[in-house]
Protein chains: 2
Amino acid sequence: MENWTMEPQGARREPTMRDVAALAKVSTKTVSRVINDLPGAGPEVVERVRAAAQSLGYRPNLTASSLRRSDRRSATIGVLLEDLSNPFDSALLRAIEDRARQNDVLVLAGSSEDDPDLQRELVTSLATRRVDGMVVMAAGGHQDALQQERERGTPMVLVDRPPLFGGTDSVTTTNRDSSREAVLHLADLGHRRISFLGDRKTLWTSQERYAGYVEGLAHAGLTLREELVRTDLHGTDAAETAAATLFDLDEPPTALFTAQNLVTVGAMRALRARRLQRQVALIGFDDFPLADMLEPGVTVLRQDVPALGRKAAELVFDRIRGDRSAPTHAVVPATLVRRGSGEIPLR
Amino acid sequence: MENWTMEPQGARREPTMRDVAALAKVSTKTVSRVINDLPGAGPEVVERVRAAAQSLGYRPNLTASSLRRSDRRSATIGVLLEDLSNPFDSALLRAIEDRARQNDVLVLAGSSEDDPDLQRELVTSLATRRVDGMVVMAAGGHQDALQQERERGTPMVLVDRPPLFGGTDSVTTTNRDSSREAVLHLADLGHRRISFLGDRKTLWTSQERYAGYVEGLAHAGLTLREELVRTDLHGTDAAETAAATLFDLDEPPTALFTAQNLVTVGAMRALRARRLQRQVALIGFDDFPLADMLEPGVTVLRQDVPALGRKAAELVFDRIRGDRSAPTHAVVPATLVRRGSGEIPLR
DNA sequence: GTGAAAGCGCTAACAC
DNA sequence: GTGTTAGCGCTTTCAC
């Protein structure tokens, strides 16, 4: 039991501009001017209105104001990522949120779970709330809903994956180039049997990273062996199982390139299960917490997530402000972080 | 260059109910009925309206409808956490989002950075957008802004930390009991010099976990030694430094209880730097990814984050629906997960 | 410098 | 079943 009586939640009527106007003995228009810091109100009136607003605990109703205002801004953007609980996604959201705050904008966040249908629903939900713009990590497969929304004129920036349609900004990482670099790094250490383990093939990032892998092999003069390639691995468990099968081969790989976060973790588990973590080289795409504390430390291609988010937010705010220049496709470089696992030479 | 001309972003006028009404040759009220699946529209008219809406690409304006509707719902809740990029916070957000989606509600998310002033600003921002309710991880220090908002009647649930004021629901973890359990676990292994390393003292969770530590020592018949206690550690680096000083003592601890995520990581780094990770026992509050892959695996008290988020969301939706029963203070149990580091006996 | 009237897109209340 | 009128809280327009 508490000594404080339960306030009827949500029951009280919020004071309106009219209430303030009545108390200050001015018109609502004048209150509007004061609240929005617009000129055309005498200093004494301003004081009276401020006092009235203060004493009533008045707070403007942005929903009503944006309905009437000519710019129609809701001071809200939508951010649709794959899974807000994924560290990559949440770091991105945070970076976007920081930039949004600088613009006095709030963020409506959602997880599409890489499902185009769910993504369409979320886009509709955001549109229904008249967000000023959207930052979207496109779900794999078609992007019909995104394209349609974009064609209606909604400012939109795709992040992590580029649009399959025209006229839309995007911010991505050097997926292909960095992957090639990783493979070459492994080849330089003498490795000739380098495996690729990748996420779902429908994802553009997976495709790009695979392309970089193929290019890397070619540049190193190595032949691509299908039996060393495992794709469509969704989640840690699938990756672990797939990695395990690699070591049952007559000629198992001596190095692994894992093209995603969770895939890297799965592969690491498989290596550990066979006590191969100091024998087999490993480079993963995407950094993750504690990668440096493992033994050996995990060499990764680190994306600059804050830069990705910041850039995406800046682009969408530019568009919201009316920028109609040609679409930008920003590419943020990833960095090879050497921690040990990627520096294991061919024995 | 792209072949698709840049759509004037945000320039197109959204079709309104009036447009649909005109095309379907009915009144706006009838369109409203059809769009909202309300009775009182003939099947043939429904069809005509649907077709008109479809062909115009009409989408209801929730902002306008919520302004006029008697329940005033925006179908949006605010979620204010400390840092959306923190794994604990983002897991919580995701759990809340899932429950929200089941109610066709979207989530406005923000990071308070544990700053009461920033939290106040965010609360105001949310209120200005007329969210239906809020789920808040209260910043340390005073909770004036939260209390004021609550007293205005806004449905609010505090998560992770309880309110310092009455009449408000909360969902927390068994901080004290679980901490005591951890200390007793260490004492059972023979440890007599057990250190406490904690986050900022202003945080309720830190205080509770410290209280549990003190209780645990008492139950085990051990004396509390101030020199083994380090508090106010914010972030990994501070924790690492503090942990290092412990091992410079004449009588260093043989076991550590680290009362937060990042503190645990910092302590681990300090242990590793001195190659003590297999000598000194360690139990941390909060689980974290890869804790099982370290050597030794890290024993932790794991919070049931999805349950915390789910419960918080359910409570806020109950209040939004008008539930005025006495405040609930739900407590979700944490679990001791034994992975090795906490099972190192006194040598 | 200030206010009255109109209306943003929608729904409540009531009439027919 | 369907439409009319009024009005949610605010800003626009324009008059004074």
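Atom set for the values below is all heavy atoms of this structure, side chains included, hydrogens, waters and symmetry mates excluded.
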Which of these nucleotides, [options], is closest to any side-chain atom of [X]?
X	options	result
A:Lys29	C:dA4, C:dT2, C:dA12	C:dA4
A:Arg68	C:dG9, D:dT11, C:dT11	D:dT11
A:Thr28	D:dT2, C:dT2, D:dT11	D:dT11
B:Arg18	C:dA12, C:dC8, D:dT11	C:dC8
B:Leu67	C:dG9, D:dT11, C:dC10	C:dG9

Discussion item. What I want to check is whether the side chains of A:Arg129 and B:Thr63 have a donor and an acceptor closer together than 3.5 Å.
Written reply: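 Looking only at side-chain atoms, B:Thr63 and A:Arg129 do not form any donor-acceptor pair under 3.5 Å.
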Discussion item. For A:Arg69 and A:Asn36, which I'm curious about, is there any donor-acceptor pair between the side chains at under 3.5 Å?
Written reply: no
Would one find a side-chain N or O of [X] under 4.0 angstrom from OP1 or OP2 of [N]?
X	N	answer
B:Ser32	C:dT11	yes
A:Arg72	D:dT11	no
B:Ser27	D:dT2	no
B:Ser65	C:dC10	no
B:Asn36	C:dT11	yes
A:Thr16	D:dG9	no
B:Thr30	D:dG3	yes
A:Arg33	D:dT11	no

Roughly, in whole Å, what's the span from [atom1] in [X] to [atom2] in [N]?
X	N	atom1	atom2	answer
A:Asp37	C:dG1	CG	C1'	16 Å
B:Leu62	C:dC8	CG	C1'	15 Å
B:Arg69	C:dA12	CZ	C1'	12 Å
A:Arg129	C:dG9	CZ	C1'	16 Å

Discussion item. Are more than 12 heavy atoms, taken from residues, nucleotides or ligands other than B:Arg18, located less than 6.0 Å from that residue's CZ atom?
Written reply: no
Discussion item. Can you confirm whether A:Gln102 is buried at CD, in the sense that more than 12 heavy atoms of other residues, nucleotides or ligands lie under 6.0 Å from that atom?
Written reply: yes
Worksheet item: Taking five pairs at each end, how big is the angle between the two axes of the helix from C:dG1-D:dC16 to C:dC16-D:dG1, to 10°?
Response: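 Taking five pairs per end, the axes differ by 40°.
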Worksheet item: Would you say the side-chain atoms of B:Ser74 pair up with the backbone N or O of B:Arg130, donor to acceptor, closer than 3.5 Å?
Response: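 Side chain of B:Ser74 to backbone of B:Arg130: a pair is present.
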Worksheet item: At under 4.0 Å between heavy atoms, what does A:Thr63 touch on the DNA or RNA strands: base, sugar-phosphate, or nothing?
Response: nothing
Practice prompt. Rounded to the nearest 0.5 Å, what's the gap from NZ on A:Lys311 to CD1 on A:Ile96? Could you check?
Written response: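 Between A:Lys311 NZ and A:Ile96 CD1, I get 13.5 Å after rounding to 0.5 Å.
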Worksheet item: For A:Arg150 and A:Asp144, what are the C-alpha separation, side-chain angles and deciding distance, and is it a salt bridge (charged side-chain N to carboxylate O under 4.0 Å, His left out)?
Response: CA-CA 10 Å; A:Arg150 182 63 201 82; A:Asp144 300 356; over 6 Å; no
